[in-house]
Amino acid sequence: MTEELLLAGCLKNNAAAQEALYSRFSPRMLGVCYRFAKNREDAEDMLQEGFIKVFSQIHQYRNEGALEGWIRRIIVHTSINHLKKNKKFSDSLDIIHANSIHVNEEMIPSIMQAKQVVECIRMLPLGYRTVLNLYAIEGFPHKEIAAMLDIEESTSRSQYTRAKAMLEEILIRKKIIQKPRERSKLLASGTQG
Amino acid sequence: MEKNIYTDDFELMLKERSDEFRMYPSKRVWHSIYNDLHPSRKWPSIAVSLLLITTLIITGYWNNNKHTTASSTNSVNSISALKNNFSTKIQQSIVKNSRKEIEPPSTSSTLIQPTPATKKFPDNETVNIKNTTTHPISSTDIAYIHTTKASKNSALHFEDNLSIDDVRKLQEPIPNLKALNSSNTVASVNKFSSKNKDALGNKSTDLTIANTKLAAENLSTIKELSGNESNITSLPVTLFSTEENNVNNINTFPSIKSNSVNENKKIEVATAQSTNQRIISIQDKAWIDNDAFYNKSKRKKWKDRATKEFYFTPSVSFRNFSNNSGFDAITNGSLTVPFSASSLNATLHQKPGIGFEAGIGWAYSLSKKLRLKVGIQANTTSYVIYGEETNHPVLTTLRLTNINTGFPYLDPRTATLANSGMNTVKIHNSTYQVSIPLGFSIKIAGADKLEWYAGASVQPTLVLFGKANLISDDRKNYVSDPSLIRRWNLNAGFETYIHYKFDGFTLQAGPQFRYQLLSTYANQYTINENLYNIGLKIGILKNF
């Protein structure tokens, strides 16, 4: 079923079309939610809320850009609202205190690299993880991130820098990526050789 | 540059890997979304679910009822006959000096009120046990029966109001005494019973004989009913175990083992094997229950029913005038015809004022719907009358009553406030009170978090101080005289409110009407003034 047909069916509140749309996009969207959420249950709650909003606001989709992108934006906003509603941000200290946070890297299972990377992202403290998800993966500018999370733009930038550094360290320790210096040495040796 | 390339590569890698990542949600997510989008379609599934559940319940009930009805019909006849027969025989064969009935306890879970371990029943006493609760005998009861401190020669007599299930339970062989008392075992109980036999002399002999006879009678009855002799056996009956000044009274009743099933007459009794297995589990459970029962920390019952509350009530104060007894139409030449106090309500220029109430209270729930309340509160009442200041003090009179004679008279006073047509000055009359409200409230509706109550109270009140500007006899002036304010008064309060429970607290809000039953002023003043307040009571309650 093409996207146009799905869209037309959803606009008529056709259950089959809705289910088809859900089946098509839910795996990736759950992945998005999982990067924000504390656990799978929270991620599924975010997904549920998000798709209810998608179907109830489907008439507002203007065919500007891909349908998936539109759905993804709704899912991301829903996830952020879910975190804010459950006071996850106000209880989280990592917006302010960065250096004392310890990440338990032993919990990361050994699986395919995509999941490995996602799990490493999830190991970051909530504030770091959220800013990193929004900026590096979802592509929101810092100004918009600051508005969404009720923080300063400078805070968003600094948090992202720290988040990236921490994630990099985790990925290097897990040997998912190589150290920058080793990489440059390899590049140099390749050039010389 | 290299670092920038690396940074860009890093972010690119993050984005690519994240986009590759998939997770498949559980089915309940789609079901929840579907139900939210199509709520009307939930009803058929709900109806079908209800139908299935109802069918299951009916089927289960029917099966259970059918199973027990057929077996209990005959077992009722046989077991109740046994019980009656047996208990009667026991009673007759034991010398009785007194009977002591054990009253059922206040809690419904136990049959017998636990008594201190040192309590003993006198000799030769039959202890009647009856079940006046609606619950069957629990394992705690059975354990307690078996550990009841009783003297020798006493027996437990079971009243006829025991249910068939209770009788069955009691008919099971006694628990293994090891768990209850390490010095006793089943084997040693038998020894004790022998010793006891000798100690009891004829009584024990009679008892034994009676029991033996009864066992035989029971046996023949059962055989007759079941129609199959080979499967019927019986166990020895009542055993007594004695220790010096510390008696454990152990009872058991004939336990009939039957595996036979007659087509028309089915007798269902416990088999020895299954009973033995159950003995162990009941015994362990009883011991645990017993231990937990005696050793558990008890919360004071009153705390569960008591709450304390803090409340305040902003209100609006009104007043109403009326004549009192001193205003009778007994006049002499010097007094004018008394005017009607009620006309003052219309003629005086006055305005309601703001009142306030704040207090603490304690409520005790007598039942689920009725609560008694007591408290202490502070009240202020006030209202505004309009007048005008005079340039100089004016001589006027107040109509008062002579307390001794009861006759009214005019008391000369000076006044600085006039009740004239201008009336530009606000004059405040107020009182400051302390009350002790005593009342009750009744639950009208509600459950769980939200409840609706209505209540009433009487409030003995002490008026600490106040301002009183009293209208003169000729209604032209106001005379200030706080000494005429009644010191002790009585108020009545009526209220209705909503309770909302959250996090261990209860929020209360609703209108309140408070009426002053006695006049603001002493009986000497011939005009009665009754204040009433209408306000909004807001409170917060918490259990103790």
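Just so it is clear, the values below take in all heavy atoms, side chains as well, and ignore hydrogens, waters and symmetry mates. Order of the sequence lines fixes the chain letters, A, B, ..., with proteins taken first and strands second; residue numbering starts at 1 for each chain.
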Atom group of A:E41 that falls short of 4.5 Å from chain B, counting heavy atoms: backbone
Atom pair NZ/CD1 of A:K53 and B:I33 - distance to nearest 0.5 Å: 13.0 Å
Apply side chain to side chain contact (heavy atoms under 4.5 Å, CB included) to the pair B:M23 and A:R40, showing each step before the final yes or no. CA-CA 10 Å; B:M23 273 181 78; A:R40 192 192 168 99; 3.1 Å; yes
Once rounded to the nearest 0.5 Å, what's the spacing between atom OG of A:S56 and atom CG of B:L37? 7.5 Å
Walk me through it: do B:H38 and A:N13 pass the test side chain to side chain contact (heavy atoms under 4.5 Å, CB included)? CA-CA 9 Å; B:H38 306 277; A:N13 205 27; 3.8 Å; yes
Is the number of heavy atoms from other residues, nucleotides or ligands under 6.0 Å of B:F502 CZ greater than 12? yes
Do you know which of A:L167, A:L132, A:N133 has the most heavy-atom pairs with chain B at a distance under 4.5 angstrom? A:L167
Any donor and acceptor pair, going by atom type alone, linking the side chain of A:Q48 with main-chain N or O of B:S32 inside 3.5 Å? no
Do B:K15 and A:E138 sit within salt-bridge range, that is, some charged N less than 4.0 Å from a carboxylate O? no
Just how far is it from atom CD1 of A:I121 to atom CZ of B:F21, taken to the nearest 0.5 Å? 9.5 Å
Considering only heavy atoms, which portion of A:E19 lies under 4.5 Å from any heavy atom of chain B: side chain, backbone, both, or neither? both
Calculate, to the nearest 0.5 Å, the distance between atoms SG and CZ belonging to A:C120 and B:R17 respectively. 12.5 Å
Per salt bridge (charged side-chain N to carboxylate O under 4.0 Å, His left out), B:D19 is matched among A:R72, A:R28, A:R35 by A:R72
Would the number of heavy atoms belonging to other residues, nucleotides or ligands and lying under 6.0 Å from NZ of B:K369 be above 12? no
From CG (B:D36) to CD1 (A:I52), nearest 0.5 Å: 3.5 Å
Derivation of the side chain to side chain contact (heavy atoms under 4.5 Å, CB included) call for B:W30 and A:Q18: CA-CA 10 Å; B:W30 170 245; A:Q18 287 169 340; 4.0 Å; yes
Quick one, B:V29 with A:Y22, criterion side chain to side chain contact (heavy atoms under 4.5 Å, CB included). Give me CA distance, side-chain angles, the key distance, then yes/no. CA-CA 10 Å; B:V29 178; A:Y22 171 80; 3.4 Å; yes
Would you say A:E153 has more than 12 foreign heavy atoms packed within less than 6.0 Å of its CD? yes
Nearest atoms (heavy-atom pairs only) where A:V118 meets B:S18: CG2-CA, 4.3 Å
Might you confirm whether atom NZ of B:K308 has over 12 heavy atoms from other residues, nucleotides or ligands at distances under 6.0 Å? yes
